[in-house]
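Only one structure is covered here, and it is reproduced in the block below.
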Amino acid sequence: MSIPNTWGTPYGGHVAPPPPAKDLRPRRIWYVVAALLGLVLVGAGIAFGVLAVKDTVHMVDTAHTFTGGEQRTFSFTQGRTRSIYVSQSAPGHVDCRVPRALADSVTQPSGTFRVTLGARSWERVFEFTPKTTGDYPVVCTSDLPSAHFALGDKPQVRGMAVGMLAAVGCFLTAALAVPAICIVTAIRRGRHRRRLMALPAPPMWGAPPMGPPPMGPQA
């Protein structure tokens, strides 16, 4: 009858301990890189969005509105295109009267542009590109007596679209890149841990004794 081994693993056996975290590759610094990248992308997206919204908010001079039939004087700069916006509860025919110096530069936009600021929605109806710089009176009327008018800048539709697309692109990139970096790092660290634990290690108790194994008491 043989005596059972009560001392754990047999001669030459060894269970490899888990490797230290600092020995695993790639390093955990990649988790920090992913977090920083996410913060930078989200910050850039917010900045692009704020700039696009800011340009829209300041497009219409809502602080100097005027009603139908009211004459207002505005400063115009040669070559700088300005727009007339109307806010009314329903579609109505709009007309504007300007001095002869501006009459030749008045055009109706080929496309429709509408922006909502606060409780009002403003629609672009006319554009001016003065040939001379000066202060000129403007009088606008509408079929609807409750219409309000305001002077504003020509909308830069392409610039606003680019800004919003850039903001969305930054948010999407952050949502995809950050988890991807973390997942790839975790998977590669797990594989590296298994490779390190599978490497042969020296025996804990030295080489097995020479000669035949000891014999137990005979029955």
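Expressed to the nearest 0.5 Å, how far CG of Leu36 lies from CD1 of Ile29 amounts to 8.0 Å. Arg80 contributes atom CZ, which lies 13.0 Å from atom NZ of Lys154 (distance to the nearest 0.5 angstrom). Between Thr62 atom OG1 and Trp122 atom CH2 the span is 7.0 Å, to the nearest 0.5 Å. From Gln88, atom CD reaches atom OG of Ser121 across 10.0 Å, with rounding to the nearest 0.5 Å. Rounding to the nearest 0.5 angstrom, the gap separating the CG atom in Leu176 from the CD1 atom in Ile181 is 11.0 Å. Here the CZ atom belonging to Arg25 is positioned 9.0 Å from the CG atom belonging to Leu196, to the nearest 0.5 angstrom.
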### Task
For the pair Cys182 and Thr185, evaluate side-chain contact (heavy atoms from CB on, under 4.5 Å) and give the outcome as yes or no after the intermediate values.
CA-CA 5 Å; Cys182 293; Thr185 301; 5.8 Å; no
### Message
Apply side-chain contact (heavy atoms from CB on, under 4.5 Å) to residues Thr65 and Phe149 and explain how you reach the verdict.
### Response
CA-CA 6 Å; Thr65 62; Phe149 299 88; over 6 Å; no
### Task
Could you walk me through whether Thr81 and Glu127 pass side chain to side chain donor-acceptor pair (under 3.5 Å), step by step?
CA-CA 7 Å; Thr81 302; Glu127 288 184 348; 5.8 Å; no
### Task
Could you go through the side-chain contact (heavy atoms from CB on, under 4.5 Å) check for Ser83 and Asp153 one step at a time?
CA-CA 5 Å; Ser83 300; Asp153 293 324; over 6 Å; no
### Message
Working note: Val138 + Thr73, criterion side-chain contact (heavy atoms from CB on, under 4.5 Å); need CA distance, chi angles, decisive distance, verdict.
### Response
CA-CA 6 Å; Val138 177; Thr73 300; over 6 Å; no
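Using modelled atom types, one finds a donor on one side chain and an acceptor on the other under 3.5 Å when comparing Ser75 with Asp135. Counted by atom type alone, Arg120 and His148 present one or more donor-acceptor pairs between their side chains at under 3.5 Å.
With ring centers used as reference points, Phe76 lies under 6.0 Å from Phe128.
Residues Val94 and Thr141 are not in side-chain contact: their nearest non-hydrogen atoms beyond the backbone lie 4.5 Å or more apart.
Residue pairs meeting the side-chain hydrogen bond (donor to acceptor under 3.5 Å, both in side chains) criterion with at least one member in residues 107-117, sequence neighbours excluded: Arg114-Glu123.
Of all non-hydrogen atoms in Ala167 and Gly45, the two that sit nearest each other are CB-O, 3.3 Å.
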